[in-house]
Structures are given as C-alpha cells and as structure tokens.
Amino acid sequence: MKTTSKVAIGLGVAGGALLAAWLLTGDRKNKTKEFVTKKANDLKQALKKEVKDLEDSESLYV
C-alpha cells in the first residue's frame with residue numbers, strides 16, 4: 001500500500017471514532033441509542049421478510 005492510501009484509511013478510521021464519541025456523549029447518547037435500536041429492528045424485519053419471500057418463491061419452481 002502506498003503512504004497516501006494508508007493516511008486516507010487512518011483519517012477515515014479516526015473520523016469515525018470521533019463521530020462515535022461525539023454521538024455517544026451528553027444528551028445525544030439516548031437519542032443515538034434509540035435511533036440505532038430502531039434501525040436495527042427495521043433491518044431485522046426486512047431480512048426476515050426477504051428470507052420468507054425467497055422460501056415461498058422456491059416452491060413455485062419445484
């Protein structure tokens with residue numbers, strides 16, 4: 001890897017860490033937790049629905 005790509009990756013990781021630290025401090029902590037929980041539940045439901053749809057469609061081709 002070239003030095004510039006290493007620096008870019010390092011800056012990206014450091015920026016992500018700073019954003020996470022900022023989101024998880026003070027009043028933003030509870031709002032961030034609620035937001036992440038809601039999105040995780042939405043994602044779980046979407047994945048369950050997608051798997052169920054795939055299982056149903058396979059039976060039509062047998």
Tell me which donor-acceptor pairs under 3.5 Å the side chains of residues 15-28 have, and how far apart each pair is, sequence neighbours excluded?
from	atom 1	to	atom 2	distance (Å)
Thr25	OG1	Ala21	O	3.4
Thr25	OG1	Trp22	O	3.0
Thr25	OG1	Arg28	NH2	3.1
Arg28	NE	Trp22	O	2.8
Arg28	NH2	Trp22	O	3.3

query: Among all residues two or more places apart in sequence or in another chain, which pass the side chain to side chain contact (heavy atoms under 4.5 Å, CB included) test with Lys39?
result: Phe35, Asp42
message: Just to verify, what does Thr37 make a side chain to side chain contact (heavy atoms under 4.5 Å, CB included) with, not counting sequence neighbours?
response: Asn41
Val7: hydrophobic cluster co-members (side-chain, 4.5 Å): Leu11
- request: Sequence neighbours left out, what passes side-chain hydrogen bond (donor to acceptor under 3.5 Å, both in side chains) with Ser5? Give chain and number order.
  value: none
